[in-house]
Amino acid sequence: MNRAIEKKWQKKWQETNLFQADPDNREKIFVTVAYPYPSGAMHIGHGRTYTVPDVYSRFKRMQGYNVLFPMGWHVTGAPVIGIAKRIEEKNPWTLELYENVHKVPKDELHKLSDPEYIVKYFSGEYHNVMDDMGYSIDWRREFRTTDESYKKFVEWQLRKLKSMNLVKKGKHPVKYCPKCNNPVGDHDLLEGEGASINELTLIKFGIWDKFLIPATFRPETIYGVTNLWLNPNVKYIEVDSDGETYIISEKSYLNLSNQIKDLKIIGEVDPNGLIGKFVTNPITGEKHPILPASFIDPEYGSGSVFSVPGHAPADYIALEDLKNNEELLNKYNLEDIVANIKIINVVIIKRYGELPAQDVIEKFAIKSQYDPKLEEATNELYKAEHSKGIISNNVPYYGGEKVAIAREKIKSKMINDDHGAIMYDLSQYPVICRCGSKVVVKIMEDQWFLRYSDEDWKEKARECLFNENIIPNELKSNFEYYIDWLEDWACSRRIGLGTKLPWDRRWLIEPLTDSTIYMSYYTIAKYFKDIEIDELNDDFFDYVFLGKDNNSNIHDIDKIKDEFNYWYPLDWRLSGKDLVGNHLTFHIFHHGAIFEKNDWPKGMVVFGMGLLEGRKMSSSKGNVVILSDAIDEYSADVVRLFLMASAEPWQDFDWRKNEIKGIKTRLEWFFEFADKIKQIKGHPINLDNIGKIKLKKEIDKWMISQLNLRLKDATAALEVFQTRKALQDSLFLLKKDIDHYTYRVRERISKKDEHIIHVLSTVFKTWIKILAPFTPHSCEELWEVHGGKGFISNEKWPTYREDLINEKIAKSEEIIANLIKDILQIKKIINKDFNRIHIYPCENWKWDVYKIAYEIFKPDIGQIIAKSIKKNLCEDKKELSRFAKKIAKEMMKTKYVGKIDEITILNNEKDFISNEVGCEIMIHEDNSFDPENKSKQAIPYKPAIYIE
RNA sequence: GCGGGGGUGCCCGAGCUGGUCAAAGGGGACAGGCUUAGGACCUGUUGAUGUAGGUCUACCAGGGUUCGAAUCCCUGCUCCCGCACCA
C-alpha cells in the first residue's frame, strides 16, 4: 500500500462528492466529534479521535443510512494570543517547539506572530491531514468559530439564554498578571503551572482603631485562638479600605489590592511595636497577645496568622519554641504573657486527645518549627479534622456539629456581620507570568455568569442526560455528578479570539460557552455563503431552530429549516474524557435550555487518552508523533487500523512501534490473500460475480460458518463503537480461521478444488467489506483490482446468515483439533515406540446420559444416574455410574451442542489426523479390538485413544 | 478531601450477567517447516509437574457466599484520571 494509491482514492471520493450528505428519504445518522482547537500540528492522539467517527460513519453509510459527518474549527480562546506573542518576542522555546515539533516551515514561522494566522494556518493543516487520513467528511459545512455567521449564531444563543434569565452579572477571582494587565492561564506561565486559587477567610482582629486581618482555611478555629503571630523580620504597612485601617505585610499588598477595591497605603508599621500588644477576637470578644514567629510567610494571606495551638501543629510548636527562647521572651517582655496562655480545644476527633496538635507533633517527633515533617503533620491533622472532626461542646451554638458544616456556617456568619471577608490566594508559590512578574489573584468585577446553579436548568440537563446513550455507560454517573456540582460559570473574557457579548461589547464570550450547540450550526452551515450577514438575525435562528414565527426574508429559509429538522437531533457526539466536566456537560445544559425535547442529543461517546510507548503524550514536551509523519511512514490505512485495533475508543491507547509493525504486516497479508486466491484459481477473481456452488465438505462449511460468526460479532461490536473488538473478530480471529482452513485443505488447494476457490472468494468478498470502514483506501483498491463495481464505500454492508453459523460443525472441527493435540501429548509423555493409533468414538448411550446431565444442568450425579437407569440406557450399572461421575464434571467444562456423528467425521478426516500425528490410525466403530480396554475412556466430543 | 475508573500470565490487554478459564488476541521469546537466506509466511511451545489425554498451583492481599469464583460480597493495600473559567 502506498500513499499514491491512497491519494488516488481520496481524489476520487472528492470528485464524486461521495461524502456530501443532503436530506433524502433514507434514515439519517448525524455524527459529530469535538471540533479541534488548532494551535499546533495534529498528532496521533487527534488521529484516533477523528478516525473513530469516520469508521462509524462509513460503517453506517454501508448499512444504508444517510450519514452526516461534518467538521469545523474551534479557534476562539486565549492560548493562541500567548503563542503569537511569544513568537513575536522570538521566545526560543516556542520557536523550537513550532519549528521542530509542529513542523512549521521556516518561512511561515514568523507569520505565527498573528493569532488569527495561527488558527488559519493550523486549521488548514488539519484539513489537509484529515483528507490524508481519508476521512469521509462533508466539507461543505466547514467553518471557523470566528466566522461572522457563526458569531451571529452565538449571539443568538447568548441572547436566548439571557432572555430565559440564565445569565447574570457578578464578580469572580482569576489568576492575573498586574504588569500585563491580563488574566493568565497555565499556558501563559513561566513558573507555577497547575497552581490553583484557594479561598481563605480574612478575620478582623481589632487593635486600637485598626485591624490585623489574618487569613485562614479554618474559620471555625476562631474559637480556639490563643494569640496572633507576626513576623518581626518583615515589613508591615497600614492600608486604608473604605475608611477602615488594616495592618498587613508589605508583600501581601500586591495580591490584596487586586481583590479589595481602592486599597490605599497609609504608611509603614514597625512589627516590633505590635508584639506584646493585644487584639480583640471579633467573635469571642477575648483579648489575644501578638507574639513573634519567624515561620510567618509575608507573601501568603495578609502576613499575619492567628494561632490555634490546640489544632495547628505549627502554632503549637512555635509556642513551645517561644517558651524556650529566653532571649526573645526578654526582648519583648513576654514571659508572663506566654506563661498565661491556655490552649483551647475546639474540635473532637477519634484517636486524638484534647490537643490533637500536640498528638501529631509527638507522633511525627517534631522538634522545632523548622522541622520539614511539620507540613506532613499539618496535612494529616487538617484532613482528619475536616472529614471526621466534630465541633467541641466548648464552642457556643456550633458544639456537636460536623467541622465541614460548621466551617461554612461560621464563615458566612462572620462575613455577614462584617467581622471577616473572603480572600483568595494561590495554592503554590511562586507563580510567574511569562513577562517575568508575579501573578496575583484578581477579582474581576462586572463578570457575566451562566447560571448553571439554577435548579430548573439542572433538572432539564438531568432529564436530557437520562435519555442519552453514554458510551461507556459507567461515565453516566460522572455526568450526573458534574451536573450537580456545576456552579455559575463565568462566561465572559477579556482576552482571546471570539464573539463579543451582544449586550456588553467590552466582553468576549468565553470559548467553552460558544461551543455547546454548534452541531445545529453544521446542519445549515452550507447555506451561509449565500446569505447576507445581517439577515442572520434572531428571527432567522428562532424560525429555523425553534419553529417560531417566520419574520425573515431569506427565500430558501424553509429549505434550511427542513434540513435542520432532518438532521437534528444529533445522534452521536464524540469527545475526549477530559471534556466531560465542561464541554460535554455544557452541551447537555445548553441543549436542554434552548432546544425542544425532541431535538436533545441522543448519545455521547467519550474517548480515552493517548500514550506513546507507554508514556503520556505531550506536544509541549515534544513527546508526540505528528500524524502526518505517521502517515508518511506507515500510510493512512495502517495508522487508522492501528489506532482502531489497539484499544477501544474510551480506553487509553498506546502507540507502540513494534505493534504497528504487526498491524502493517497484517494488512499486507490481506493483500496477499487476494493474490493467493488468484493463484489457486489460475485466473483473476471477479468479485462482482463469484457464482454459486453447493458445499459438501464439512471443513468448507466450517469456514463459511466461521466467516458468518465473525461478521455477526464484528457488526454487533461496531454498532456500539467497539472498534477494537470489531477488528479482533474481523481481522485477527478471522485470519486465524483462514490460516486454519487453508492448512486443513492444503492438499485440495494444490488440486485447485473449485469449492475452495469459492469459499475463499466468498470470505474475501465479505472480508473486504468488513474492513472497508477501517482501511478504506486499501479496500477500494482491492475491490477495484478484483472486479468490484463502483466504490466499496457505497457497497452494502454484508449481513450475516444465522443459518450458516453452525455450532456442530465448529464443534466437530474442535474434536479433530483436540484429538490431534491429545495424541501428540500422549506420545510425548509415554515416549515409546509404537505402530498404530486406534480411535474409539463415544458410544451412543453415553451421549444419552450426557443429554440427561445437560438437561439437569447441575452436577447432580445421583439424579443423572437415576434418570439414566430409568431410561435403561446402559446394562452395566457400574460403568454407568462411573461415567455419570465423569460427565458431571466434564459437562461444566464443555459446551453442549447436541450429538455429533463422530464416526463419520473421524473417517472423513482420517488422513489429515494420520498426517498430523505422523502415524497410521484406525477408527473403530466398536470395541472388538481393544486390548487395553481404552475404548471406555471415550466421552462425548472426546473419542478414546489407544496407542499400540 | 470530593467524584470516577482500575490492579489478570514476560509485556500490552480481553474476560468480570459465576461453570465452555491454565484464562481470547497482539507483542516478545523459543522450536520446527518453507526457503540461498530471512526482519516474510505457516505450525507449535511459552505456570509447574506427570511413561495415556491427567494432576497441582494460579487472575493485588486477606476473609466470606456457593456444589463451583479471575468473575459476586466485605476488609486492606495500591495505581490512574477530573476537580473549573482552561482548550
Side-chain angles (χ1 to χ4, degrees), chain A residues 34 36-37 39 74 76-80 172-175 183 185-188 196-197 379 382-383 386-387 404 444 447 449 472 474-475 477-482 484-493 496 510-513 515 576-583 608-609 611 614 645-648 650-654 656 658-659 661-663 665-666 668-669 672 724-725 727-729 731-733 736 739-740 742-743 746 814 818-819 821-832 857-861 888-897 916 932 934 937 942 944-947:
Chain A
Y37 182 78
S39 64
H74 188 211
T76 39
V80 287
H172 172 70
V174 292
K175 277 181 261 177
D186 263 352
H187 45 265
D188 299 314
S196 54
I197 296 173
N379 277 338
Y382 279 24
K383 272 180 193 170
H386 178 65
S387 57
M444 301 291 276
Q447 173 71 261
F449 289 84
E474 297 90 276
L475 279 178
S477 55
N478 231 326
F479 278 103
E480 281 165 11
Y481 173 79
Y482 279 115
D484 284 346
W485 165 84
L486 215 54
E487 291 167 22
D488 293 345
W489 178 269
C491 66
S492 50
R493 289 289 173 278
E510 177 271 334
L512 292 181
T513 303
S515 54
K577 209 194 295 202
D578 47 335
L579 304 183
V580 170
N582 44 54
H583 258 123
M609 308 271 110
L611 301 174
S646 62
E648 299 295 5
W650 45 91
Q651 297 170 327
D652 295 347
F653 77 93
D654 192 357
R656 287 178 188 245
N658 254 336
E659 311 224 354
K661 224 173 57 198
I663 286 288
T665 56
R666 200 49 54 95
E668 282 162 2
W669 187 94
E672 284 162 16
R724 176 192 151 91
K725 182 166 192 315
L727 282 172
Q728 202 71 226
D729 288 311
L731 193 60
F732 297 102
L733 296 178
K736 246 181 130 67
D739 286 341
H740 178 74
T742 49
Y743 186 73
R746 59 191 191 277
E814 220 180 290
N818 286 339
L819 188 64
K821 215 166 157 185
D822 287 345
I823 292 170
L824 291 173
Q825 198 186 142
I826 298 167
K827 275 173 70 177
K828 203 170 136 197
I829 295 165
I830 62 174
N831 196 21
K832 247 197 252 172
F857 209 73
K858 257 194 292 182
D860 185 339
I861 298 161
K889 203 172 152 196
E890 202 66 28
M891 64 177 281
M892 290 308 174
K893 287 206 271 177
T894 41
K895 187 180 175 188
Y896 181 72
V897 296
E916 288 299 295
E932 284 189 25
K934 292 285 185 194
Q937 303 283 334
K942 195 168 178 183
I945 302 163
Y946 167 54
I947 297 186

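Every chain is numbered from 1 and lettered A, B, ... according to where its sequence line falls, protein lines coming before strand lines. Values in this document were obtained by computation on a predicted structure and should not be read as measured data.
No contact: A:Glu672 has no heavy atom under 4.0 Å from any strand. At a threshold of 4.0 angstrom between heavy atoms, the contacts of A:Ser39 with the nucleic acid are absent. Among the protein residues, A:Glu487 comes within range of the nucleic acid bases, having at least one heavy atom under 4.0 Å from a base atom. Residue A:Leu512 is in base contact, counting any heavy-atom pair closer than 4.0 Å across all strands shown. A:Tyr946 comes within 4.0 angstrom of a nucleotide base, judged by non-hydrogen atoms across all strands. At a threshold of 4.0 angstrom between heavy atoms, the contacts of A:Gly581 with the nucleic acid are absent.
Closest to the A:Gln728 side chain, of the nucleotides B:G50, B:G26, B:A24, is B:A24. In this structure, of B:A87, B:G26, B:G82, it is B:G82 that holds the atom nearest to the side chain of A:Tyr482. Set against B:G27, B:G4, B:C12, the side chain of A:Asn658 has B:G27 as its closest nucleotide. When the nucleotides B:G50, B:C42, B:G53 are ranked by their closest atom to the side chain of A:Asp739, B:C42 comes out on top. Of the candidates B:C42, B:G4, B:A24, B:G4 carries the atom nearest the A:Ser477 side chain, counting heavy atoms from C-beta on. Of the candidate nucleotides B:U45, B:A14, B:C12, B:C12 has the atom nearest to the side chain of A:Arg656. Set against B:A52, B:A24, B:G50, the side chain of A:Gln825 has B:G50 as its closest nucleotide.
Proximity of A:Lys661 to the phosphate of B:G27: no side-chain N or O atom is located under 4.0 Å from OP1 or OP2. The shortest distance between the side-chain N/O atoms of A:Trp669 and the OP1/OP2 oxygens of B:C42 is below 4.0 Å. Put simply, A:Lys942 has a side-chain N or O that comes within less than 4.0 Å of OP1 or OP2 on B:G54.
Under the Watson-Crick or G-U wobble criterion, with both distances below 3.5 Å, B:G28 is paired with B:U46. Nucleotide B:G1: paired with B:C83 (Watson-Crick or G-U wobble, both distances less than 3.5 Å). Within the shown strands, B:U8 is the pairing partner of B:G15 under the Watson-Crick or G-U definition, both distances less than 3.5 Å. Using the Watson-Crick or G-U wobble rule with both distances under 3.5 Å, B:C41 pairs with B:G33. Base-pair partner of B:U66: not found among the strands shown (Watson-Crick or G-U wobble, both distances under 3.5 Å).
The residues A:Glu668 and A:Lys661 are annotated as not salt-bridged, no charged nitrogen and carboxylate oxygen being separated by less than 4.0 angstrom.
Rounded to an integer number of Å, the gap from A:Asp652 CG to B:G4 P is 19 Å. A:Glu474 has its CD atom 16 Å from the C1' atom of B:G82, to the nearest Å. The distance from atom CD of A:Gln651 to atom C1' of B:G13 is 8 Å, rounded to the nearest whole Å.
Side chains of A:Thr513 and A:Glu510: a donor-acceptor N/O pair is present below 3.5 angstrom, by distance only.
A donor N or O paired with an acceptor N or O is found under 3.5 Å between the base of B:G53 and the side-chain atoms of A:Asp822.
Rounded to the nearest 0.5 angstrom, A:Trp669 CH2 and A:Asp739 CG are separated by 5.0 Å.
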Discussion item. Pair A:Trp650, A:Glu474 - check side-chain hydrogen bond (donor to acceptor under 3.5 Å, both in side chains), show working.
Written reply: CA-CA 11 Å; A:Trp650 45 91; A:Glu474 297 90 276; 6.0 Å; no
